[in-house]
Amino acid sequence: SDPFLLGSAYAAHLNLHTYCIFDTNSTMNASDSISQTREAMDEYRVAFSVDCVIFGYGKEKLNILLVECNLPPYVGKWSLLGDFIRDDENLDSAAQRVLSGYTHVNSIYLEQVGTYGNRCRHPLGRVITTACYSLVQVDTFEDTYVNDGLRVKWFDVDDLPGLAFDHEKILGSCCERLQKCLRERP
């Protein structure tokens with residue numbers, strides 16, 4: 001598929017923005033306009049991902065499910081369960097796919113917590129992620145899973161290894177949300 005195809009609202013915004021800028025040049029033809037639109041769109045190349053924060057209870061402590069990271073420079077660190085959102089997915093279906101892919105468990109309630117988009121948060125380029133969380137019984141899952149050769153493992157929230165990307169910040173936000181929910185609806 002054409003990498004320049006975007007959602008219609010965003011594409012319309014870019015075209016409107018481009019024509020507002022370039023229509024002042026009466027000698028510009030349609031081909032020039034399309035070329036400049038594509039150049040402008042190159043500046044906006046962004047990937048979208050979803051990160052799942054899975055809290056587990058049942059071992060007298062709150063746990064978090066993490067996956068071993070294989071992406072440089074974070075090889076050997078641990079990360080939240082996450083992946084890029086595919087063209088044919090919405091946020092919820094992407095989050096369920098990620099969770100199922102790592103745990104082989106389907107249809108777990110996930111609640112969106114926030115969106116994170118610091119420019120340098122990912123080594124592959126500009127990646128904006130939406131974080132979701134869930135609270136499950138640890139017994140629902142085995143202690144360790146393997147997905148594409150990567151270990152998935154429960155960790156005590158109070159004794160975490162070093163986390164990749166900005167996942168400490170995301171985890172902090174999810175912990176705050178979980179605490180608030182438990183206070184408001186125990």
Side-chain angles (χ1 to χ4, degrees), residues 7 10 44 46-86 89-147 150-186:
Y10 185 61
Y44 294 100
V46 176
F48 298 93
S49 67
V50 62
D51 286 306
C52 299
V53 179
I54 307 302
F55 292 108
Y57 65 91
K59 290 188 173 183
E60 298 182 25
K61 293 188 177 196
L62 186 63
N63 293 277
I64 180 99
L65 195 60
L66 299 175
V67 63
E68 199 172 27
C69 190
N70 66 351
L71 183 66
Y74 300 114
V75 174
K77 291 196 176 264
W78 292 83
S79 71
L80 302 172
L81 310 181
D83 198 4
F84 292 104
I85 298 171
R86 297 175 181 162
E89 293 178 314
N90 60 38
L91 284 171
D92 294 333
S93 62
Q96 290 296 328
R97 174 184 54 81
V98 166
L99 185 59
S100 176
Y102 284 110
T103 66
H104 307 291
V105 175
N106 296 309
S107 300
I108 289 183
Y109 173 77
L110 290 164
E111 182 175 321
Q112 289 184 25
V113 174
T115 302
Y116 302 84
N118 285 346
R119 194 172 48 84
C120 298
R121 65 170 300 277
H122 200 287
L124 295 179
R126 185 72 188 263
V127 178
I128 297 172
T129 195
T130 297
C132 304
Y133 88 98
S134 187
L135 177 62
V136 301
Q137 287 183 321
V138 172
D139 298 349
T140 306
F141 302 90
E142 305 272 330
D143 279 347
T144 304
Y145 305 94
V146 177
N147 181 52
L150 300 176
R151 290 185 300 156
V152 179
K153 183 176 176 182
W154 288 109
F155 287 91
D156 182 337
V157 166
D158 294 325
D159 189 25
L160 292 174
L163 297 181
F165 311 102
D166 56 353
H167 289 183
E168 287 181 22
K169 179 179 181 178
I170 294 171
L171 179 57
S173 297
C174 290
C175 282
E176 288 174 12
R177 175 69 66 88
L178 177 61
Q179 289 170 348
K180 180 180 181 212
C181 285
L182 290 175
R183 278 192 308 270
E184 292 176 359
R185 19 176 201 171

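Fair warning: this is a prediction, and the values are worked out from it, not measured in the lab. Each residue takes its place number in the sequence, starting with 1.
- Contact record, Gly162 with Lys77: O-CB, 3.7 Å, taken as the closest heavy-atom pair.
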**OP:** Mind running side-chain contact (heavy atoms from CB on, under 4.5 Å) on Asn106 and Leu99 for me, showing each step along the way?
**Re:** CA-CA 7 Å; Asn106 296 309; Leu99 185 59; over 6 Å; no
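- Here salt bridge (Lys or Arg N to Asp or Glu O under 4.0 Å) pairs that include residues 105-126, with residues two or more places apart or in two chains, are Asp51-Arg121, Glu111-Arg177, Glu111-Arg185, Arg121-Asp166.
- Residues that satisfy the salt bridge (Lys or Arg N to Asp or Glu O under 4.0 Å) test with Arg86, not counting sequence neighbours, are absent from this structure.
- Across all non-hydrogen atoms, the minimal contact from Tyr102 to Gly82 is OH-O, 3.6 Å.
- To the nearest 0.5 Å, atom CG of residue Leu62 and atom CZ of residue Phe155 are 14.0 Å apart.
- In this view, Tyr116 and Ser173 satisfy the side chain to side chain donor-acceptor pair (under 3.5 Å) rule, not counting sequence neighbours.
- Taking the side chain to side chain donor-acceptor pair (under 3.5 Å) definition, one finds that Glu168 meets it with nothing, sequence neighbours left out.
- Of all heavy-atom pairs between Val98 and Cys52, the closest is CG1-SG, 4.1 Å.
- Contact record, Cys181 with Tyr133: SG-OH, 3.3 Å, taken as the closest heavy-atom pair.
- For Phe84 and His122, the ring centers are positioned less than 6.0 Å apart.
- The nearest pair of heavy atoms linking Leu81 to Leu65 is CD1-CD2, 3.9 Å.
- Between the OG atom in Ser79 and the CG atom in Leu163 there is a gap of 8.0 Å [rounded to 0.5 Å].
- Taking Glu68 as the reference, Arg151 meet the side chain to side chain donor-acceptor pair (under 3.5 Å) condition, with sequence neighbours excluded.
- Note: Tyr57 OH to Leu182 CG = 10.5 Å, rounded to the nearest 0.5 Å.
- Between the Ser100 side chain and the Gln96 main chain, no donor and acceptor come within less than 3.5 Å of each other.
- Distance check: Ile54 CD1 to Cys174 SG gives 9.5 Å after rounding to the nearest 0.5 Å.
- Between Ser134 and Leu110, the shortest heavy-atom distance links the atoms CB-CD2, 3.6 Å.
- Applying the side chain to side chain donor-acceptor pair (under 3.5 Å) rule to Asp156 yields the partners Lys61; only residues at least two apart in sequence or on another chain are considered.
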**OP:** Begin with the C-alpha distance, continue with both residues' side-chain angles, and end with the deciding distance and a verdict on side-chain contact (heavy atoms from CB on, under 4.5 Å) for Val157 and Asn63.
**Re:** CA-CA 5 Å; Val157 166; Asn63 293 277; 5.6 Å; no
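- Panel note: side chain Ser93, backbone Asn90; a donor-acceptor pair is recorded below 3.5 Å.
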